S.K.: 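I have a structure I would like to understand better, so I am pasting it below and will then ask my questions one at a time.
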Amino acid sequence: MPLSSAYKRSILCCAASLLTLWPATLFARTSKDAPSSEVTESEPSGAPNAAGLTFTGFGQVFASYDFTSTEAEDFNAFNLRRAELGLGLRKGEKAGFLVNLEAVRSAGPRSYFGVDNNSLVMRVKHGFGFYAPAIGPGRLTLRGGMIPDVWVETVEQGYDIRAIAPIMAEEGGLYVSSDLGGSIGYALWDGFLEARVGLTNGEGRNQFELNTGKNTTAVVSVRPLRFDLRGEGATLGVHASYRDGSLGTSSRANHRISAALTFAHLRHFGGAEFTQANGFQGQSSLQARGVSAWANSALYPTWLGAYARFSRVQQDITTQGSEITRIQAGLYADLIQPDNAERSIFGFPRLRLYAGYARERFGENAEAITGVDGASDAHIISATLSARGAAAFDATPRAAGSTP
Amino acid sequence: MNRTISLTNTVCVIAIVFSLLACSSVPGCSNADPKPSDDAPIPEGISRELATDDRAGWLRDRTIEDNRDLLERYRPLTEGKFRKMASSPYNYFRGTANIYLRDMTQPGFHDFPTSFGTPEASHVLLVGDPHPENIGSYRSADDKMIIDFNDFDGSTYGAYHLDVRRLALGYYVLGEMNADHMSPEQRAAMVRAVVQGYVDEIARQKAGQKTSFVYERGLGERQAGVILGDLIRRAERDGDIREELDEYAPLADDKQSRVMFYGIFEESDVEGVIRDQLFKPTDEEVARVEQWMRAYPKTLVDRGAFSEDAFVIKGISRRLGAGVSSYPVQRYYVLTDGESDSLEDDLLIELKEILDPPPLEGLPAFKVREFGSNGERVVRAQRALQHTETNDPLLGWSASGDASPLSVRVRHRTKYQKGVDVARISEELAEGEITPEDVIELATQSGILLAASHARTETLQGKPAIEVIDAALASDTAGFVDETVSFVESYGPSMFDDFDRFRAMVSLYGTTLGYRFDRPME
């Protein structure tokens with residue numbers, strides 16, 4: 001009897017997992033055989049440990065006031081677009097774990113099945129262990145648990161205005177930013193060339209696995225240009241991705257082809273992204289396409305910066321007028337000095353205030369009520385406070401009687 | 001000492017990356033869109049292509065998504081719901097209001113834009129799921145008989161034409177099921193009559209003239225038309241003798257008290273489906289119902305119309321088998337004391353768990369969550385959309401606690417409230433007791449009723465709905481009728497294809513549709 005594709009995939013996953021663990025096993029044996037000063041257990045004294053344990057706490061908040069004007073009505077509200085709190089423990093640069101909680105509304109827009117009406121509740125956004133040894137000319141990174149999507153994470157490295165909007169791939173429902181699974185990455189020559197593969201359930205962080213198939217997302221990044229710009233490092237990256245995906249109980253096709261160009265600097269960011277979806281919104285035959293471009297720059301550091309963003313998602317490339325277009329622009333001020341030295345998973349510490357305008361335009365066949373021009377269109381004026389920071393402290397266990 | 005890893009391991013890791021990449025690009029290696037084997041069972045008369053196409057997969061996933069909470073909470077009953085949906089096109093139609101609304105609001109399989117919509121007319125208070133069987137009779141507080149819509153579980157704010165299309169679609173299904181007794185012209189005329197009735201009544205309401213569906217006792221039988229007249233006649237007959245009490249809380253042998261009936265009241269003709277069965281509630285259920293009943297009286301329109309003792313509980317039963325969409329949910333009959341110690345004025349009250357309304361994704365609705373619970377949403381919608389707030393003086397709601405999302409709609413379980421029954425219409429058509437013209441008359445009345453319901457409400461923004469609907473129709477009522485009829489002629493047959501797909505998926509994947517449960521069955 002021929003093996004089904006799900007079985008083939010399961011066997012492949014097992015093989016990949018075994019192969020993935022093989023280097024780690026060897027590495028562990030090497031460590032045991034040849035203890036070094038980096039191994040805490042071999043250091044009975046209270047002397048400082050170069051490879052000690054480090055706790056990291058971090059958080060991020062996007063709080064906004066939004067005035068929204070639609071054809072039918074105007075509305076204004078304070079919103080909490082993001083509230084995240086995380087804790088990590090790492091041993092040197094090589095291994096550790098991270099748990100990151102985020103606030104979400106407990107009910108959908110029209111749902112009454114929420115917690116205490118529609119309270120904000122915390123849920124796990126990320127929760128994974130990692131292992132990142134230097135191997136050969138590069139660094140291997142393994143992650144397992146609730147991991148960041150490898151494509152979203154790649155593009156966000158060159159995206160500095162997350163407080164204004166998610167990247168198009170996430171905003172347009174083309175990707176979700178985290179999922180259960182594992183990923184493996186290998187970066188050569190300090191990230192000049194990087195390949196990452198994620199193997200995940202494919203249902204996202206708000207649902208358990210519904211089918212036997214797994215999503216495989218492969219990302220290749222090249223960063224051909226690295227240079228100093230006014231005393232700070234700048235990086236130009238070119239990225240491409242392919243995802244073989246399935247969604248839901250009946251394993252609807254959910255494939256993606258994506259490409260992006262990113263530029264990252266302490267004060268200047270820019271980029272463009274493209275995604276073609278083969279299978280969208282649970283319909284295998286539906287093809288969607290999204291493009292986006294963005295830029296932000298500190299014009300007069302640190303008091304005045306400007307941003308602009310454009311995104312366009314065509315929900316059905318065979319249907320004219322099925323696109324959703326968003327144009328956003330505004331100004332911002334950093335209320336504290338950016339500090340590249342403290343870069344963490346969230347980037348450098350920040351307290352930034354944005355003031356901006358957004359225009360959301362729905363094609364006549366992208367409207368929630370098709371044919372009703374203007375039913376979903378909106379003009380939005382927002383003030384957004386973005387705050388984030390991280391703190392790390394040495395958590396190396398010390399022998400009894402040692403000096404704190 | 002520095003640790004190093006051999007070059008062999010490095011090569012191995014890179015090989016994994018590239019092997020996964022390579023595998024992803026091989027079509028046969030992809031997870032997506034698996035096809036059932038060729039010998040998988042598909043009901044006779046349904047093509048394998050239809051049963052396994054993209055729409056079938058989408059339909060299966062959406063049906064699971066729409067029923068996931070029910071599958072997790074009430075698995076056997078939800079399987080019964082799917083069996084019931086697979087038993088007839090009309091039951092399938094009743095169980096898939098959310099599928100219809102997804103088709104109306106999402107890109108992909110269907111594209112039916114309207115030329116008669118405006119942003120303002122996209123926020124009208126909808127009945128949510130108007131169809132022939134959601135029309136029924138009431139006896140008002142001032143002893144008049146009223147015809148009105150009677151199910152507002154899916155009520156929310158949205159575009160008015162979604163209600164009109166849904167109602168017309170219901171008559172299409174009714175017509176197709178009675179194709180042996182109604183000609184194609186009569187079936188088409190019936191669908192058109194719904195929409196014509198709607199636009200005509202909107203015009204009348206705009207001019208200050210309203211069609212009345214309120215009847216003096218004894219006159220409704222003659223004044224309400226053949227089918228609705230018969231409905232009123234039977235409602236008066238059975239309501240007057242308090243038949244509901246005799247059926248569900250009969251007198252005990254000593255005639256000094258009433259006892260709740262537990263057992264099969266009516267057998268089902270569909271295997272694995274309950275039609276009308278009553279169970280003794282568990283202690284936990286009794287405690288929950290008592291809590292609901294304590295909070296409920298304060299939600300009545302006229303609390304003063306009932307004494308403190310009127311709601312003293314004398315008995316509780318759990319009812320199974322009612323409805324299609326709501327087939328699995330908690331539904332209880334509660335016998336209360338009524339206004340006196342006499343057994344004759346005891347009240348039979350129904351408590352029914354209410355689920356979420358359809359999401360209507362993408363439509364801005366800033367203030368749409370204006371209610372505290374689904375129970376409150378449905379009751380307030382019912383009061384706004386019905387002829388009077390007191391069509392049912394016992395209408396109210398209750399939630400089981402401040403932090404609980406579970407809520408119930410409470411209503412009088414009386415035989416004065418009877419609903420139009422499509423199976424009865426089919427039977428009477430077959431036996432010649434009613435004519436196709438009588439059904440067309442009912443279709444016209446249904447359109448009028450819907451228009452009257454819409455017209456008496458305000459939009460989410462507080463504007464009179466009659467004004468915004470009239471403006472959206474822009475005096476081209478004939479155009480709106482043609483557009484809606486065209487929609488039904490196109491979507492109706494595809495809904496019958498969906499019915500076949502659904503029957504095939506029940507056969508292929510079982511009555512859970514192959515849903516992978518989060519936890520084992522208890």
Side-chain angles (χ1 to χ4, degrees), chain A residues 5-6 8-9 12 16 19-20 22-23 26-27 30-31 34 36 70-73 75 108-114 116 133 135-136 140 186 195 197 208 210 213 216 218 242 244 246 248-253 281-286 315-316 319 322 364-365 368-372 374-376, chain B residues 1 3 5 7 9-10 12-14 16-17 20-21 23-24 28-34 54 57-58 60-62 64 105-108 111-115 117-120 122-123 156 159 356-357 359-366 368-369 373-374 377 402-403 405 461 513-516 518:
Chain A
S5 61
K8 285 183 207 167
R9 182 52 61 103
L12 183 71
L19 289 169
T20 303
W22 177 35
L26 289 182
F27 178 72
T30 306
S31 304
S36 74
T70 68
E71 290 266 350
E73 66 178 324
F75 195 67
R110 291 180 189 242
S111 171
Y112 289 88
F113 283 90
D116 194 8
I135 299 178
L140 177 78
Y186 190 66
V197 174
F208 57 85
L210 293 171
T216 307
Y242 178 77
D244 176 272
S246 58
T249 303
S250 64
S251 299
R252 298 291 85 204
Q281 294 187 343
Q283 298 179 40
S284 294
S285 57
L286 192 60
Q315 299 185 88
D316 178 1
T319 303
S322 67
E364 65 172 4
N365 288 310
I369 308 298
T370 52
V372 183
S376 306
Chain B
M1 182 178 145
R3 298 184 184 88
I5 298 296
L7 192 59
N9 287 345
T10 309
C12 164
V13 169
I14 294 170
I16 294 167
V17 172
L20 285 170
L21 269 171
C23 186
S24 295
C29 202
S30 175
N31 303 310
D33 299 332
D54 187 21
W58 178 87
R60 181 179 164 212
D61 282 355
R62 296 288 78 77
I64 288 172
T105 57
Q106 290 183 359
D111 182 25
F112 301 111
T114 181
S115 301
T118 63
E120 288 184 329
S122 301
H123 300 280
T156 187
D356 271 338
L360 292 180
E361 286 169 16
L363 183 65
F366 301 111
V368 78
R369 281 186 99 265
S373 67
N374 274 312
R377 168 182 63 81
D402 289 343
Q461 290 78 35
L513 308 185
Y515 173 65
R516 178 185 166 274
D518 190 25

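What you are looking at is a predicted structure, and each value in this text was computed from that prediction instead of being measured. Within every chain, numbering begins at 1; the chains are lettered A, B, ... in the order of the sequence lines, protein sequences first and strands thereafter. Because only heavy atoms are used, hydrogens play no part in the values below, and waters and symmetry mates are left out as well, while side chains stay in.
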S.K.: For the interface with chain A, which of B:Ser122, B:Ala159, B:Ser373 has the highest count of heavy-atom pairs at distances below 4.5 Å?
M.R.: B:Ser373
S.K.: So, A:Gln283 side chain and B:Pro107 main chain: donor-acceptor pair closer than 3.5 Å or not?
M.R.: yes
S.K.: Looking at chain A, which one of B:Glu120, B:Gln106, B:Glu361, B:Arg377 has the largest number of heavy-atom pairs inside 4.5 Å, strictly under?
M.R.: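 Greatest number of close heavy-atom pairs with chain A: B:Arg377.
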S.K.: How long is the span from the CG atom in B:Asp61 to the CD atom in A:Gln281, to the nearest 0.5 Å?
M.R.: 13.0 Å
S.K.: Any side-chain heavy-atom pair from A:Val372 and B:Pro119 closer than 4.5 angstrom?
M.R.: yes
S.K.: Evaluate the criterion side chain to side chain contact (heavy atoms under 4.5 Å, CB included) for residue pair B:Thr105 and A:Thr370; output intermediate values, then yes/no.
M.R.: CA-CA 7 Å; B:Thr105 57; A:Thr370 52; over 6 Å; no
S.K.: Is there side-chain contact between A:Phe208 and B:Arg516, with heavy atoms separated by less than 4.5 Å?
M.R.: yes
S.K.: Atom CG in A:Leu286, atom CH2 in B:Trp58: separation rounded to 0.5 Å?
M.R.: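 CH2 of B:Trp58 is found 11.0 Å from CG of A:Leu286.
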S.K.: Which one wins on heavy-atom pair count under 4.5 Å against chain A: B:Asp54, B:Thr118, B:Leu363?
M.R.: B:Asp54
S.K.: Heavy-atom distance under 4.5 Å to chain B: side chain of A:Ser284, backbone, both or neither?
M.R.: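 When you check distances to chain B, atoms from both the backbone and side chain of A:Ser284 fall under 4.5 Å.
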S.K.: Rounded to the nearest 0.5 Å, what separates atom OG1 in A:Thr249 from atom CD1 in B:Ile64?
M.R.: 3.5 Å
S.K.: Picking from B:Leu360, B:Asn374, B:Leu513, B:Thr114, which has the most non-hydrogen pairs under 4.5 angstrom with chain A?
M.R.: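 It is B:Asn374.
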S.K.: Taking atom types as modelled, is there a side-chain donor on A:Ser250 or B:Arg60 under 3.5 Å from an acceptor on the other?
M.R.: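 Short answer, no.
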S.K.: Side-chain contact, heavy-atom cut-off 4.5 Å: A:Arg110 with B:Asp356?
M.R.: no
S.K.: I'd like to verify something: which residue of A:Gly374, A:Ser285, A:Ser322 has the highest number of heavy-atom pairs under 4.5 Å with chain B?
M.R.: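 Max contact count across the listed options: A:Ser285.
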